Amino acid sequence: MYKLFVVAALVAVATAQNPQDAQAQVLAQDSVVNPDGSYNYRYETSNGIAAQENGVGGQSATGSFSYTGDDGAQYQVTYVADENGFQPQGAHLPQDVPAPEHVLKTLEQIRANPPRDDPNFNIDFLNAAIARLSGKK
């Protein structure tokens, strides 16, 4: 139900920006929610908006969406959402730049001396953050 609300909100925002979009028709729509919590959905509208997602409720999801921008260009975003957060990718999205050296040095110090009494500390997450911030994906 939450996903349907998010989809409806995205469509509402898109239609609010272009009056012609208010006349858009849903061309295709599928949605499946399984007893184990896994789900998938997809939809496509006549104004070029399309989205699809597969996931396990509250744990992880992968998907994509596309739309036509005000400039007439087609934009597409693919994403993963999991324990590492929402990770979108698209040619039009800004790319990470390397972090300042003092930030990387601090993260390296934390990696060398990880907190022993923090149950939320995750060394894999820290390693991924260091790799991302240093530009070594």
Side-chain angles (χ1 to χ4, degrees):
M1 185 54 110
Y2 174 72
K3 298 291 182 188
L4 185 57
F5 174 76
V6 171
V7 169
L10 287 173
V11 171
V13 168
T15 58
Q17 293 180 355
N18 185 345
Q20 295 178 34
D21 289 344
Q23 304 302 319
Q25 302 292 313
V26 175
L27 301 176
Q29 181 177 6
D30 295 308
S31 177
V32 175
V33 178
N34 298 308
D36 65 358
S38 63
Y39 66 91
N40 63 68
Y41 71 80
R42 75 172 191 87
Y43 66 88
E44 182 179 349
T45 62
S46 61
N47 61 346
I49 297 172
Q52 64 85 27
E53 182 174 290
N54 300 302
V56 177
Q59 296 178 20
S60 64
T62 59
S64 65
F65 60 91
S66 61
Y67 60 95
T68 303
D70 291 338
D71 58 0
Q74 186 73 14
Y75 295 94
Q76 182 167 1
V77 174
T78 58
Y79 60 88
V80 172
D82 58 17
E83 66 274 2
N84 295 315
F86 181 68
Q87 304 155 56
Q89 294 184 348
H92 64 291
L93 297 177
Q95 300 297 312
D96 286 336
V97 296
E101 191 60 37
H102 69 278
V103 171
L104 292 172
K105 184 176 179 180
T106 300
L107 293 174
E108 291 290 354
Q109 289 173 346
I110 293 170
R111 179 165 47 188
N113 301 294
R116 308 238 186 269
D117 58 348
D118 184 353
N120 296 315
F121 179 76
N122 184 323
I123 192 69
D124 294 329
F125 181 79
L126 179 61
N127 288 334
I130 291 171
R132 180 177 52 82
L133 293 172
S134 65
K136 302 174 187 174
K137 289 189 176 185

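Just so it is clear, the structure is predicted and the values come from calculations on it, not from any experiment.
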Just grab all the side-chain hydrogen bond (donor to acceptor under 3.5 Å, both in side chains) pairs involving residues 98-110, residues at least two apart or on different chains.
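Of all non-adjacent pairs touching residues 98-110, those that pass side-chain hydrogen bond (donor to acceptor under 3.5 Å, both in side chains) are E108-R111.
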
Could you pull out all residues at least two apart from E83 that satisfy side chain to side chain donor-acceptor pair (under 3.5 Å)?
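With sequence neighbours excluded, E83 shows a side chain to side chain donor-acceptor pair (under 3.5 Å) to no residue whatsoever.
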
Results of side chain to side chain donor-acceptor pair (under 3.5 Å) for N122 - residues two or more places apart only:
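For N122 there are no side chain to side chain donor-acceptor pair (under 3.5 Å) partners, ignoring immediate neighbours.
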
Cluster link I110 to L133, ILVMFWY, side chain under 4.5 Å
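As far as the 4.5 Å side-chain criterion goes, L133 and I110 are connected within one cluster.
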
Rounded to the nearest 0.5 Å, how far does [atom2] of [Y] lie from [atom1] of [X]?
{"X": "T45", "Y": "Y67", "atom1": "OG1", "atom2": "OH", "result": "13.5 Å"}
{"X": "D82", "Y": "Q59", "atom1": "CG", "atom2": "CD", "result": "11.0 Å"}
{"X": "T78", "Y": "L93", "atom1": "OG1", "atom2": "CG", "result": "9.0 Å"}

Heavy-atom pair of closest approach, residues [X] and [Y]:
{"X": "L104", "Y": "A99", "result": "CD1-O, 3.9 Å"}
{"X": "S134", "Y": "A131", "result": "OG-O, 3.1 Å"}
{"X": "A24", "Y": "S46", "result": "CA-OG, 3.3 Å"}
{"X": "S38", "Y": "D36", "result": "OG-OD1, 2.6 Å"}
{"X": "Y39", "Y": "A61", "result": "OH-CB, 3.4 Å"}
{"X": "Q74", "Y": "G48", "result": "NE2-O, 3.8 Å"}

Going by heavy atoms in the side chains, are [X] and [Y] under 4.5 Å from each other?
{"X": "I49", "Y": "Y43", "answer": "yes"}
{"X": "N47", "Y": "Q23", "answer": "no"}
{"X": "Q52", "Y": "D30", "answer": "no"}

If you apply the rule side chain to side chain contact (heavy atoms under 4.5 Å, CB included), what do you find for Q89 with V80, and how did you get there?
CA-CA 9 Å; Q89 294 184 348; V80 172; over 6 Å; no

Mutual orientation of the aromatic rings belonging to Y79 and F65 [parallel < 30°, tilted 30-60°, perpendicular > 60°]
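Answer is tilted, since the angle falls between 30° and 60°.
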
Exceeds 12 heavy-atom contacts within 6.0 angstrom, atom CZ of F121:
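It does: F121 CZ has more than 12 such atoms within range.
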
Any donor-acceptor pair under 3.5 Å linking the side chain of Q87 with the backbone of G85?
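Checking the backbone N and O of G85 against the side chain of Q87, a donor-acceptor pair under 3.5 Å is found.
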
